[in-house]
Amino acid sequence: MGNSTIKHTIPHSISNCSKLTILELSDNKLTGLIPNYLGYLTRLQLLNLQQNNLMSDSSLSFLTSLTNCENLIYLALSFNPLNGKLPVSIGNLSTSLTKFYASTCKIKWRIPNVVGNLSSLLDLDLSINDLAGAIPASIHNLRDLQRLDFSENKLRGIIVENLCKNCNI
């Protein structure tokens, strides 16, 4: 049947799929901005956009729109040139979020302290980005964390001892 990859942007019409729970668009040739209208998919549980050529504005505002998706448990963005800063609104993502992958996305600046609000996280991967500054102290709030990857950034500081008692880092 040939190559089944999609070679366009994410269509606006997808925002009409109000009952959608899984949106799997990884490993395609999608381009353009990750649209804020993904936040209209309020029943979304899994969003996988990995390995495309998707971008965002400098404030990664699509992450703010995803705070409307209260059932989101899996968010994968790795290998997209997002080229922006993690917004403070990241702390308002679903409290059900267990997996957040944003490796190799050209994310810059700092990891907001509010990342500690994502109390259900099992797996957090922000490796191979342009993050700098201190590792947020709020990381110790992630009591269920099983995997944490901040490698290949310019972060400084220590991982709290209490965190290491609870996870496999």
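None of these values were measured; they are calculated from a predicted model.
A donor-acceptor contact closer than 3.5 angstrom links the side chains of Ser61 and Asn36.
No donor-acceptor pair closer than 3.5 Å links the side chain of Thr9 to the backbone N or O of Pro11. No donor-acceptor distance shorter than 3.5 angstrom exists from the side chain of Tyr40 to the backbone of Ser15, with no hydrogens or angles considered. No donor-acceptor distance shorter than 3.5 angstrom exists from the side chain of Asn83 to the backbone of Ile107, with no hydrogens or angles considered. Proximity of a side-chain donor or acceptor of Asn53 to a complementary backbone N or O of Leu30 within less than 3.5 Å is not detected. Judged by distance alone, with hydrogens and angles left aside, the side-chain atoms of Asn68 form no donor-acceptor pair with the main-chain N or O of Leu66 at under 3.5 Å. Remark: the backbone N or O of Ser26 is paired with a side-chain donor or acceptor of Asn28 at under 3.5 angstrom. Of the possible donor and acceptor atoms, one in the side chain of Asn153 sits under 3.5 Å from a partner among the backbone N and O of Ser151. Remark: the backbone N or O of Phe79 is not paired with any side-chain donor or acceptor of Thr104 at under 3.5 angstrom. Judged by distance alone, the side chain of Asn129 and the main-chain N or O of Ser127 form a donor-acceptor pair under 3.5 Å.
A chain of hydrophobic side-chain contacts below 4.5 Å, direct or via other Ile, Leu, Val, Met, Phe, Trp or Tyr residues, connects Leu41 to Leu75. If you chain together hydrophobic residues whose side chains sit under 4.5 Å apart, Ile90 and Leu131 fall into the same group. Clustering ILVMFWY residues whenever any of their side-chain heavy atoms sit less than 4.5 angstrom apart, transitively, puts Met55 in a cluster other than the one holding Leu77. Ile73 and Leu148 end up in different hydrophobic clusters when Ile, Leu, Val, Met, Phe, Trp and Tyr side chains are linked at under 4.5 Å. One hydrophobic cluster holds both Ile135 and Val88 under the rule that ILVMFWY side chains link at heavy-atom gaps under 4.5 Å.
In this structure, NZ on Lys99 lies 10.0 Å from CG on Leu121, to the nearest 0.5 angstrom. The OG atom of Ser89 sits 11.5 Å away from the CG atom of Asn117 when rounded to the nearest 0.5 Å. The CG atom of Leu124 sits 11.5 Å away from atom OG1 of Thr98, with the distance rounded to the nearest 0.5 Å. In this structure, the separation between OG on Ser119 and CZ on Arg143 is 11.0 Å, given to the nearest 0.5 Å. Expressed to the nearest 0.5 Å, how far CG of Leu44 lies from CD1 of Ile22 amounts to 9.0 Å. Leu82 CG to Cys105 SG: the interatomic distance, rounded to the nearest 0.5 Å, is 4.5 Å.
Counted within 6.0 Å of CZ on Phe150, heavy atoms from surrounding residues, nucleotides or ligands total more than 12; the atom is thus considered enclosed. No more than 12 heavy atoms of other residues, nucleotides or ligands sit less than 6.0 Å from atom CD of Glu70.
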Original post:
Do Tyr101 and Asp123 pass the side-chain hydrogen bond (donor to acceptor under 3.5 Å, both in side chains) test, and can you show the C-alpha distance, the side-chain angles, and the key distance before you say yes or no?
Top reply: CA-CA 8 Å; Tyr101 303 110; Asp123 197 344; 2.8 Å; yes
**OP:** Show the numbers, then the answer: is there a ring pair (Phe, Tyr, Trp, His ring centres under 6.0 Å) between Phe100 and Tyr74?
**Re:** CA-CA 6 Å; Phe100 182 38; Tyr74 182 99; over 10 Å; no
**OP:** Decide yes or no on side-chain contact (heavy atoms from CB on, under 4.5 Å) for Leu118 and Leu93, but give the supporting numbers first.
**Re:** CA-CA 7 Å; Leu118 303 175; Leu93 286 171; 3.9 Å; yes
**OP:** Step by step, work out the side-chain contact (heavy atoms from CB on, under 4.5 Å) result for Leu122 and Leu145.
**Re:** CA-CA 4 Å; Leu122 301 174; Leu145 204 60; 5.8 Å; no
**OP:** Test Leu54 against Thr31 for side-chain contact (heavy atoms from CB on, under 4.5 Å), laying out the working first.
**Re:** CA-CA 5 Å; Leu54 294 166; Thr31 60; 5.7 Å; no
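Inter-residue side-chain proximity for Leu25 and Ile10 is flagged as met; some heavy-atom pair is nearer than 4.5 Å. Side-chain contact between Leu38 and Leu47 is present, with heavy atoms from C-beta onward closer than 4.5 Å. Residues Ser138 and Val115 are in side-chain contact: their nearest non-hydrogen atoms beyond the backbone lie under 4.5 Å apart. Two residues are said to be in side-chain contact when any heavy atoms from C-beta on lie closer than 4.5 Å; Ser103 and Asp125 meet this criterion. Contact of the Thr21 side chain with the Asn71 side chain is not registered, since no non-hydrogen atoms from C-beta on lie closer than 4.5 Å. Between Phe62 and Thr64, the closest side-chain pair of non-hydrogen atoms is not below 4.5 Å. Side chains of Asn48 and Leu23 form no contact here, defined as non-hydrogen atoms less than 4.5 Å apart. Counting heavy atoms from C-beta outward, Leu63 and Leu86 have side chains that approach closer than 4.5 Å.
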